[in-house]
Visitor: 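Questions regarding the structure given below will be posed in turn.
Just so we're clear, the structure is a prediction, and the values are computed from it rather than from any experiment.
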Amino acid sequence: MTIGMKKLTFLLFALAFAGIVKAEDGHQLWLRYDKVQKAQVTGPECVAAEELRNYYQGAKATLVTDPTMADDAYRIEGNTITAKNETGLLYGTYAMLRGEKGYSEPFYKLRILNHWDNLDSSIERGYAGLSIFWALEDPRTRRNSDQWKPKPINAELIKEYARANASIGINGTVLNNVNASPKMLSAIYIDKVKEIADILRPYGIKVYLSVNFGSPMTIPAKGVNGGKPLKTADPLNAQVKAWWKAKAKEIYQLIPDFGGFLVKANSEGQPGPFDYNRTHADGANMLADAVKPYGGIVMWRSFVYGAAHKGEDRVKQAVSEFKDLDGQFRDNVILQSKNGPLDFQPREPYAPIFDTMRKTKQMAELQITQEYLGQSRHLVYLAPMWREFFGFVEPSRLVGIAGVANIGLDKNWCGHHFSQANWYAFGRLAWNPNLSSETIAQEWLKQTFDSESEPIINMMLRSREACVDYMMPIGLHHIFAFDQHYGPEPGGFIARYPIEWCPVYYHKANNDSIGFDRTHTGSNATAQYREPYCSLYDDINTCPERYLLWFHRVPWSYRLKSGRTVYEEMQYRYSRGVKEVEDFIRIWQEAKPFIDEQRWQETDARMQHQLENAKQWQKVCLDYFGSFTQK
């Protein structure tokens with residue numbers, strides 16, 4: 001076939017395909033099944049049966065319960081799904097609809113989304129609209145929390161949310177921000193939590209709440225202190241203990257399967273046990289005792305800095321604060337730690353707290369919302385970053401996975417159509433952390449765009465590394481613009497801010513050198529890592545160059561393995577990152593005939609902006625760092 005004939009054949013195929021592509025807005029996510037309603041389903045009457053009747057293409061399907069099977073596991077043989085209970089049958093149903101066969105069971109019991117949603121409907125680090133859970137009847141009362149009254153929930157939307165989560169095995173959700181309002185534990189909001197829990201329950205999803213440690217000083221509890229708030233939140237105070245037990249009882253009477261509490265304490269201004277000269281263990285154990293009779297858990301975050309170890313290298317403070325408490329937590333307390341020791345950067349080494357706390361249950365906190373990776377304006381597929389983390393932290397070291405959600409009221413849920421892939425990838429990796437990034441991308445792309453395009457899959461797999469290149473290569477970190485964390489500000493410094501919020505703190509560039517010395521000659525952060533990583537990172541000759549400026553301070557004349565100096569390597573990496581985005585746009589342009597118009601146009605617009613922003617990163621950072629090398 002001649003080149004001309006090939007082009008003609010491709011054009012005719014594209015035109016034919018374009019004629020059958022439906023207009024779509026992305027709201028169906030990866031659940032774009034035609035409602036055929038033709039399958040005869042036998043077995044228990046449950047949500048799984050309803051889904052099969054609506055969407056299964058076969059003539060018959062059978063649901064079977066087997067009490068000997070593991071919780072949530074399923075087995076698919078022909079058109080028969082077998083599981084221990086209705087939740088397992090539902091997981092098996094969605095697996096069969098996406099083409100799975102055989103046996104599968106979840107690696108983790110806890111597969112939980114963390115929503116940073118505020119009661120006024122805003123979302124901290126949310127880039128896809130307002131909260132799907134919370135809104136005020138009268139937005140004019142937003143500044144006066146005493147007048148807050150929540151709007152009725154959107155039950156249909158919550159059901160769609162439940163269905164999407166169940167389809168990828170997510171079985172828990174924290175409904176509110178870790179920077180929690182005490183009002184979350186008032187009766188009017190607990191009633192709303194019950195409404196949400198009742199909708200999620202048939203889909204196998206438990207609800208959890210983030211709690212403000214100082215809540216007893218603001219919100220009354222039944223039968224405690226005459227129904228008035230307390231004057232203290234000291235975790236060793238008898239009235240405080242009674243308050244939390246009464247509040248737990250109030251919640252569990254309404255929501256018997258309530259999951260428990262998530263806590264951010266003594267970090268970034270949040271109250272906590274340090275306010276009373278108590279320890280994290282004192283605080284966590286007090287809450288754990290309150291929920292223990294009901295089977296509840298406490299997820300206590302290790303994201304702490306600027307409190308007990310103020311002035312120490314920020315990436316060391318979590319280990320410094322928790323290491324002496326290992327083994328002192330109740331058995332229903334789980335220490336929840338971010339994948340890296342800083343704050344969800346495009347690339348960080350793994351957090352050494354996973355090495356340190358050997359007697360304490362731990363779970364990893366991943367960030368699905370792209371706070372530091374272009375938010376909902378950049379196409380960055382995060383599965384490769386999370387798989388990188390699991391290469392250092394054995395999945396078996398953890399009891400669960402939490403993901404900071406990227407979900408809002410935008411029609412497509414996530415702002416960027418490809419950001420849906422990160423929600424999907426989180427659920428699939430929480431079910432099986434050994435799945436490859438490529439396998440997950442293939443699954444998502446086929447279900448979401450009816451595509452098996454190798455170039456698009458390749459684009460997704462390259463996108464995270466491209467982001468690192470055009471933002472912060474060779475170990476640079478946290479050089480974002482203040483507050484919103486979007487765009488570059490490598491020279492950022494505001495005297496009234498904590499130094500840990502200032503970009504200059506993290507690279508310390510001057511006319512001679514650049515980088516943060518975290519070796520034994522500097523902050524000695526490398527000593528917190530287990531071997532071989534302690535020695536590997538401490539020695540500049542063996543430290544991977546992707547972490548060079550994270551762990552080492554080097555002169556501008558230092559040459560990398562490429563033979564380029566530090567600044568020359570920056571020039572190369574920034575340029576490579578920009579070229580990658582240009583190539584992503586080319587790939588998307590070529591895919592246009594095979595993608596529905598609305599989603600193609602919306603994705604293309606965001607990719608064009610991504611290129612502009614990548615070029616901005618390149619110019620601002622090279623101009624700034626170049627100013628030191630030219631003096």
Side-chain angles (χ1 to χ4, degrees), residues 110 112 114 174 177-180 182 185 208-217 232-238 240-241 243-245 247-248 259-292 296-343 351-365 397-400 402 498 500 525 528:
L110 299 171
I112 302 176
N114 288 184
V174 182
N177 192 357
V178 289
N179 294 314
L185 294 180
Y208 300 76
L209 291 177
S210 295
V211 294
N212 183 297
F213 197 80
S215 294
M217 301 171 68
T232 181
D234 182 351
L236 299 189
N237 179 280
V240 173
K241 293 179 180 180
W243 188 98
W244 282 104
K245 288 180 179 179
K247 188 57 65 173
F261 297 137
L262 172 64
V263 188
K264 176 180 179 178
N266 290 121
S267 180
E268 297 184 325
Q270 290 299 305
F274 286 7
D275 302 345
Y276 309 95
N277 296 314
R278 311 303 187 193
T279 68
H280 287 291
D282 292 331
N285 291 341
M286 180 267 295
L287 293 175
D289 290 342
V291 299
K292 176 79 170 180
I297 63 172
V298 172
M299 297 166 286
W300 192 271
R301 296 177 85 232
S302 74
F303 178 65
V304 293
Y305 66 94
H309 294 83
K310 186 175 182 179
E312 185 180 47
D313 180 358
R314 177 173 163 180
V315 306
K316 293 182 63 178
Q317 291 185 43
V319 169
S320 296
E321 209 150 299
F322 283 91
K323 63 181 179 180
D324 293 334
L325 300 175
D326 196 19
Q328 296 183 27
F329 292 94
R330 299 283 194 268
D331 62 2
N332 60 327
V333 172
I334 302 168
L335 192 62
Q336 181 169 308
S337 301
K338 296 184 179 185
N339 56 290
L342 183 52
D343 193 11
I353 197 165
F354 293 109
D355 292 339
T356 304
M357 307 297 286
R358 292 288 175 172
K359 301 174 185 175
T360 302
K361 292 178 181 177
Q362 294 199 75
M363 61 192 299
E365 179 179 304
R397 289 277 298 114
L398 309 172
V399 299
E500 299 97 331
Q528 293 185 340

Visitor: Return the minimal non-hydrogen interatomic distance between T232 and V240, and the atom names on each side.
Guide: O-CG2, 3.4 Å
Visitor: Rounded to the nearest 0.5 Å, what's the gap from OG1 on T360 to CD on Q328? Could you check?
Guide: 8.5 Å
Visitor: Assess whether side-chain contact (heavy atoms from CB on, under 4.5 Å) is satisfied between I334 and L110, documenting all intermediate values.
Guide: CA-CA 11 Å; I334 302 168; L110 299 171; 3.4 Å; yes
Visitor: My understanding is that only residues two or more places apart in sequence, or in another chain, count here; which of them pass side chain to side chain contact (heavy atoms under 4.5 Å, CB included) with E312?
Guide: H309, K316, Q317, S320
Visitor: Not counting sequence neighbours, which residues clear side chain to side chain donor-acceptor pair (under 3.5 Å) with Q336? List them please.
Guide: N114, E365
Visitor: Partners of Q270 by side chain to side chain contact (heavy atoms under 4.5 Å, CB included), sequence neighbours excluded?
Guide: N179, N212, K264
Visitor: As an exercise, state the distance from CZ of F274 to CG of D282, rounded to the nearest 0.5 Å.
Guide: 10.0 Å
Visitor: After noting the C-alpha distance and the side-chain angles of H280 and L335, does the key distance pass the side-chain contact (heavy atoms from CB on, under 4.5 Å) rule?
Guide: CA-CA 10 Å; H280 287 291; L335 192 62; over 6 Å; no
Visitor: Using only atom types and a distance under 3.5 Å, with no angle test, would you say the side chain of D289 pairs donor to acceptor with the backbone of M286?
Guide: no
Visitor: Applying salt bridge (charged side-chain N to carboxylate O under 4.0 Å, His left out), name anything that partners D234, two or more places apart in sequence or on another chain.
Guide: R278
Visitor: Would you confirm whether Q362, through its side chain, and M357, through its main-chain N or O, come within 3.5 Å as a donor-acceptor pair?
Guide: yes
Visitor: Does W243 have any ring pair (Phe, Tyr, Trp, His ring centres under 6.0 Å) partners at least two apart in sequence or in another chain, and if so, which?
Guide: none
Visitor: Quick one: closest heavy-atom pair of V291 and I297, and the distance?
Guide: CG2-N, 4.0 Å
Visitor: How long is the straight-line distance from CE of M363 back to NZ of K361, given to the nearest 0.5 Å?
Guide: 11.5 Å
Visitor: Let me confirm one number: the NZ-CG distance from K241 to N285, rounded to the nearest 0.5 Å.
Guide: 10.0 Å
Visitor: Evaluate the side-chain contact (heavy atoms from CB on, under 4.5 Å) criterion for residues L287 and W300: first the C-alpha distance (whole Å), next the side-chain angles of each, then the deciding distance (0.1 Å), finally the verdict.
Guide: CA-CA 10 Å; L287 293 175; W300 192 271; 4.0 Å; yes
Visitor: Kindly compute the distance separating CD (E321) from OG1 (T279), expressed to the nearest 0.5 Å.
Guide: 10.5 Å
Visitor: Taking only residues two or more places apart in sequence or in another chain, which ones pass side chain to side chain donor-acceptor pair (under 3.5 Å) with N339?
Guide: none
Visitor: Taking only residues two or more places apart in sequence, or in another chain, which ones meet A288 in a side chain to side chain contact (heavy atoms under 4.5 Å, CB included)?
Guide: V298, R330, N332, V333
Visitor: On a heavy-atom basis, which atom in A265 and which in P273 lie closest, and how many Å separate them?
Guide: CB-CD, 4.0 Å
Visitor: Is any side-chain N of the basic residue among D331 and K292 closer than 4.0 Å to the acidic one's carboxylate O?
Guide: yes
Visitor: Side chain to side chain donor-acceptor pair (under 3.5 Å) with D324: which residues, sequence neighbours excluded?
Guide: none
Visitor: Please determine whether a side-chain nitrogen of the Lys or Arg among D326 and R358 lies less than 4.0 Å from a carboxylate oxygen of the Asp or Glu.
Guide: no
Visitor: Taking all heavy atoms of F354 and all of S337, pick out the closest pair and write down the distance.
Guide: CZ-O, 3.5 Å
Visitor: Can you name the closest pair of heavy atoms from A290 and A248 and give their distance?
Guide: O-CB, 3.5 Å
Visitor: Where is the tightest heavy-atom contact between P341 and P352, given as atom of each residue plus distance?
Guide: CB-CD, 4.0 Å
Visitor: Mind checking side chain to side chain donor-acceptor pair (under 3.5 Å) for K247 and listing every partner two or more places apart, or none if nothing turns up?
Guide: E250
Visitor: Over 60° means perpendicular and under 30° means parallel, so classify the ring planes of W244 and F213, tilted if in between.
Guide: tilted
Visitor: With F329, which residues qualify under ring pair (Phe, Tyr, Trp, His ring centres under 6.0 Å), at least two apart?
Guide: none
Visitor: Please check if the side chain of S267 supplies one atom and the backbone of F303 the other of a donor-acceptor pair under 3.5 Å.
Guide: yes
Visitor: Kindly write out the residues that satisfy side chain to side chain contact (heavy atoms under 4.5 Å, CB included) with K310, not counting sequence neighbours, or none if the list is empty.
Guide: none
Visitor: Can you list everything that forms a ring pair (Phe, Tyr, Trp, His ring centres under 6.0 Å) with Y208? Sequence neighbours excluded, please.
Guide: none
